[in-house]
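All remarks here apply to the structure that follows.
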Number of protein chains: 2
Amino acid sequence: MDQVFKALGDANRRLLLDRLHQRNGQTLGELCQGLAMTRQAVTKHLALLEAALLVTSVRRGREKLHYLNPMPIHEIYERWIGKYERDHVGALGRLKTRVEERQDD
Amino acid sequence: MDQVFKALGDANRRLLLDRLHQRNGQTLGELCQGLAMTRQAVTKHLALLEAALLVTSVRRGREKLHYLNPMPIHEIYERWIGKYERDHVGALGRLKTRVEERQDD
DNA sequence: TTGACATGCAACTATTTAGTTGCCTATTAT
DNA sequence: ATAATAGGCAACTAAATAGTTGCATGTCAA
């Protein structure tokens, strides 16, 4: 779980996920195109994404195809985001109340 | 948005959010209790959480009360998690297909 | 089979981030 | 008043992370 959050904590990696979300199964070379980074930097980002199980890959001949795996993101939603979302309205209400109290200071 | 992801990328900060989720409005001192960190380290984490708008705070006399703000997490869900979740089943299906193909190698 | 292409590996540098220590300020209670 | 409490600020250290360069390996196509 921690690896997933860490992986999502970098804008370049989120960009890579977005690209795979747009079109799944891209090669390393394709994912590099238009980025202000060397291929090796992208390789490292992809390695982290794979370690977090956010991306899986398959070698096809001399190229490596990358696939988005949405499962960990689903788990983050279930185990973490969800529990904050559930009382979202309630917490907003409390915040609102507090802000209103402040204005009485 | 980037600040929110960065803020969530650290386990200690997520712990602080969890604590506030358990009981809102805690002071810095309370949040420090039982953590293997100095007060100043916690202060810095809270500063990042505040910069990401995940936490708001109010000074009450000599103490500072911290409140969870679930809005950014809601936005992450809406703008980012949601779009992966939406085609979760479809993507899982594709992944499954691909894995099955692999086993034919 | 040779050259071009796609990727991998390892060592290194630079930057960012986490955490500490020491001291200062403001507030509360006696 | 003054001592204790709650927190803030700044400089520093240490560690983690991002990114680079150079070279090696495996694969495809002519």
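- Residues A:Val42 and A:Leu28 have side chains in contact (heavy-atom distance under 4.5 Å, counting atoms from C-beta outward).
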Tabulate atom names and distances for all N/O pairs under 3.5 angstrom spanning the protein and nucleotides 27-30 of chain C.
| from | atom 1 | to | atom 2 | distance (Å) |
| --- | --- | --- | --- | --- |
| C:dT27 | O2 | B:Arg62 | NH1 | 3.3 |

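- Here the CZ atom belonging to B:Phe5 is positioned 6.0 Å from the CG atom belonging to A:Leu8, to the nearest 0.5 angstrom.
- Once rounded to the nearest 0.5 Å, the distance linking OG1 of A:Thr27 with CZ of A:Arg60 reads 8.5 Å.
- Axis angle between the ends of the helix from C:dT1-D:dA30 to C:dT30-D:dA1, five pairs each and rounded to 10 degrees, works out to 20°.
- B:Leu48 and B:Val4 fall into different hydrophobic clusters, defined by Ile, Leu, Val, Met, Phe, Trp and Tyr side-chain heavy atoms under 4.5 Å apart, directly or through other members.
- With rounding to whole Å, A:Gln40 atom CD is found 10 Å from C:dC9 atom C1'.
- Interatomic distance, CE of B:Met1 versus CG of B:Leu53, reported as 11.5 Å (0.5 Å rounding).
- Taking every nucleotide of DNA chain D with any atom under 4.0 Å from a non-hydrogen atom of chain B, the first and last of them, 5' to 3', are D:dA4 to D:dA11.
- Among the atoms of the strands shown, none is found under 4.0 Å from any heavy atom of B:Leu35.
- The interatomic distance linking B:Gln3 (CD) with C:dT17 (P) rounds to 11 Å, in whole Å.
- The side chain of B:Asp10 lies closest to C:dA18 when the candidates are C:dG8, C:dA18, C:dC23.
- In this structure, A:Gln3 and A:Ala51 approach most closely via the heavy-atom pair OE1-O, 3.5 Å.
- Legend: residues meeting side-chain hydrogen bond (donor to acceptor under 3.5 Å, both in side chains) with B:Asn12, ordered by chain and number and at least two apart, are absent.
- Look at CZ on B:Arg39: it is 11 Å from C1' on C:dT21, rounded to the nearest Å.
- Of all non-hydrogen atoms in A:Pro72 and A:Ala52, the two that sit nearest each other are CG-O, 3.7 Å.
- Atom CG of residue B:Leu46 and atom NE2 of residue B:His66 lie 4.5 Å apart, to the nearest 0.5 angstrom.
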Tabulate protein N/O versus nucleotide N/O from nucleotides 12-16 of chain C, keeping only pairs under 3.5 Å, one per line.
none

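- Separating the CG atom of B:Leu16 from the P atom of C:dA18 is a distance of 12 Å, rounded to the nearest angstrom.
- Residue B:Leu65 is the one, among B:Leu65 and A:Leu48, whose nearest nucleotide of DNA chain D lies closer to the 5' end (criterion: closest heavy atom).
- Here C:dC5 presents its C1' atom at 17 Å from NZ of A:Lys64, a figure rounded to the nearest Å.
- Look at CD on A:Glu63: it is 15 Å from C1' on C:dG8, rounded to the nearest Å.
- Place B:Met37 and A:Thr43 on DNA chain C by their nearest nucleotides, and A:Thr43 ends up nearer the 5' end.
- With sequence neighbours left out, A:Arg13 forms a salt bridge (charged side-chain N to carboxylate O under 4.0 Å, His left out) with no residue at all.
- If you take CG of A:Leu31 and P of C:dG8, they are 12 Å apart, rounded to a whole angstrom.
- Atoms CE and CD1, from A:Met71 and A:Ile76 in turn, are 12.0 Å apart once rounded to the nearest 0.5 Å.
- To the nearest 0.5 Å, the span separating CG on B:Leu15 from CG on B:Leu35 amounts to 5.5 Å.
- Annotation for B:Asn24 and B:Tyr67: closest pair OD1-CA, 3.2 Å, computed over non-hydrogen atoms.
- B:Gln26 approaches B:Arg19 most closely through the heavy-atom pair NE2-O, 3.1 Å.
- Residue A:Phe5 contributes atom CZ, which lies 18 Å from atom P of C:dT17 at whole-angstrom precision.
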